[in-house]
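We name chains A, B, ... by the order of the sequence lines, and we start the count at 1 in each one.
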2 protein chains.
Amino acid sequence: MRYHRSDVVERAVAVLDEYGLESLTMRRLASELGVQPSALYHHVPNKQSLLAAVADEILQRGSRPRRAERWDRRVIEICGELRDAMLAYRDGAEVVVTAHTFGLGAREPAAALRSALADGGLPEDLVDVGTRAILHLVFGHTVEEQTAMQAASAGAIDRNPGGAADFEQGLHLLLDGLRARVSAA
Amino acid sequence: MRYHRSDVVERAVAVLDEYGLESLTMRRLASELGVQPSALYHHVPNKQSLLAAVADEILQRGSRPRRAERWDRRVIEICGELRDAMLAYRDGAEVVVTAHTFGLGAREPAAALRSALADGGLPEDLVDVGTRAILHLVFGHTVEEQTAMQAASAGAIDRNPGGAADFEQGLHLLLDGLRARVSAA
DNA sequence: ACCTGAACACCGTTCAAGT
DNA sequence: ACCTGAACACCGTTCAAGT
């Protein structure tokens, strides 16, 4: 059986979703494909870049058409899509956030937010600050939400970090600040 | 030589700061203390809780007296202290954020923010949402800032995520949203 | 081009035994 | 109470050799 890079990435997503990030090892993935661990290094330079590819695959699978016209509605749309995409796979938020932190993959959401804020007429430095702030909010909220969900389904009834409603409420706090800067410009 | 838990935690902080998180292994820490790896398990139940203790130690070492009176100035003060504390040690942000995510240690900053927002007269649900939003902003920004700093000092001149100025600007966006809700109450 | 087999240099954790 | 010695069950990655 001969594989391509896309087969490896797709199987990695499946292993992640079924067994979790801590079980997504090169050796485990190799045995899942019926291949020696060393064979994976023909398709991927190392584990880090495999995880980046997994992050991009998760985001791409969750992508939806853009419908909103107003810049602030578009921000909400992008953030909702991003949250849903990450929540759709076990440990999806952790994987996407880590990839973004190390600057490998997961670049699309930042670009989409940037252009929405730019369309809103914000000055360039505020586009930068705003994009990062929104992204940090979405990432932080979603990692916490997913961790709590998975902890709850594994037994312990921890604190709940709020779902979609709290997510949107936090986002609106930030959007208020940004809107105030648009009208002031 | 006989050690106590505090010796182990303090040495762990030193190893973290000097060699980074990826080198902070139980085996490495043991050899640094001149002891067998198994000896560490007399002072700490596992690696995860050692890292939580390291996170708390980092935060405690960076703690400063509270001076601000107004609730919103106090939020800025708390966030600045938190950022400085994490930046003071190599990979400090990563360690503190991970501990917080898994609900082990790093609880003090959330409590301090909660009480500041409550003093501001915000309704209870907004205290929750606001605390988490602020924390996510600070954590996200600081991890990104520290990662970029360390990547830069290791060679690659990456994108810079802004320092203290961008940090405060992002925080002010959120505070504007919160202040608007205070006056509306 | 893709894979095997074998190795290298590591991990976290447990547990009987010592003092 | 604190530590040793030895083991268990793993890791990511490299590299010569095969087809």
Could you tell me how far apart [X] ([atom1]) and [N] ([atom2]) are, to the nearest whole angstrom?
X: B/Arg27; N: D/dA6; atom1: CZ; atom2: C1'; result: 11 Å
X: A/Arg5; N: C/dA1; atom1: CZ; atom2: P; result: 17 Å
X: B/Leu51; N: C/dG12; atom1: CG; atom2: P; result: 10 Å
X: B/Met26; N: C/dC10; atom1: CE; atom2: P; result: 18 Å
X: A/Arg28; N: D/dC10; atom1: CZ; atom2: P; result: 10 Å
X: B/Asp7; N: D/dC3; atom1: CG; atom2: P; result: 9 Å

With A/Glu18 via salt bridge (charged side-chain N to carboxylate O under 4.0 Å, His left out) - residues at least two apart
none
Strictly below 4.0 Å, heavy-atom distances to any atom of DNA chain D: list the hits from residues 37-50 of chain B, or just say none.
B/Ser38, B/Ala39, B/His42, B/His43
By nearest heavy atom, map B/Val35 and A/Arg2 onto DNA chain D; which one lands nearer the 5' end?
B/Val35
Counting Watson-Crick and G-U wobble pairs whose two distances are both under 3.5 Å, find the runs of 3 or more in a row that involve DNA chain D.
C:4-8 with D:12-16, C:12-16 with D:4-8
So does A/Glu69 pair up with A/Arg73, basic N to acidic O under 4.0 Å?
no
With a 4.5 Å heavy-atom cut-off, do [X] and [Y] have their side chains touching?
X: B/Arg107; Y: B/Asp56; value: no
X: A/Gln169; Y: A/Leu173; value: no
X: A/Asp91; Y: A/Gln150; value: yes

Straight-line distance of B/Arg90 CZ to B/Leu24 CG, nearest 0.5 Å:
11.0 Å
Distance in Å, B/Glu168 CD paired with B/Asp166 CG, rounded so as to fall on 0.5 Å steps
10.5 Å
Could you work out which one of D/dT4, C/dG12, D/dC11 sits closest to the side chain of A/Thr25?
D/dC11
Closer than 4.0 Å, any side-chain N/O of A/Gln36 to the OP1 or OP2 of C/dC3?
no
When you compare D/dA9 with C/dC10, how far apart are their C1' atoms, in angstrom units rounded to a whole number?
14 Å
Are A/Phe139 and A/His100 close enough that their ring centres sit under 6.0 Å apart?
yes
B/Thr131 and its side-chain contact (heavy atoms from CB on, under 4.5 Å) partner, picked from B/Leu126, B/Leu113, B/Leu122, B/Val75:
B/Leu113
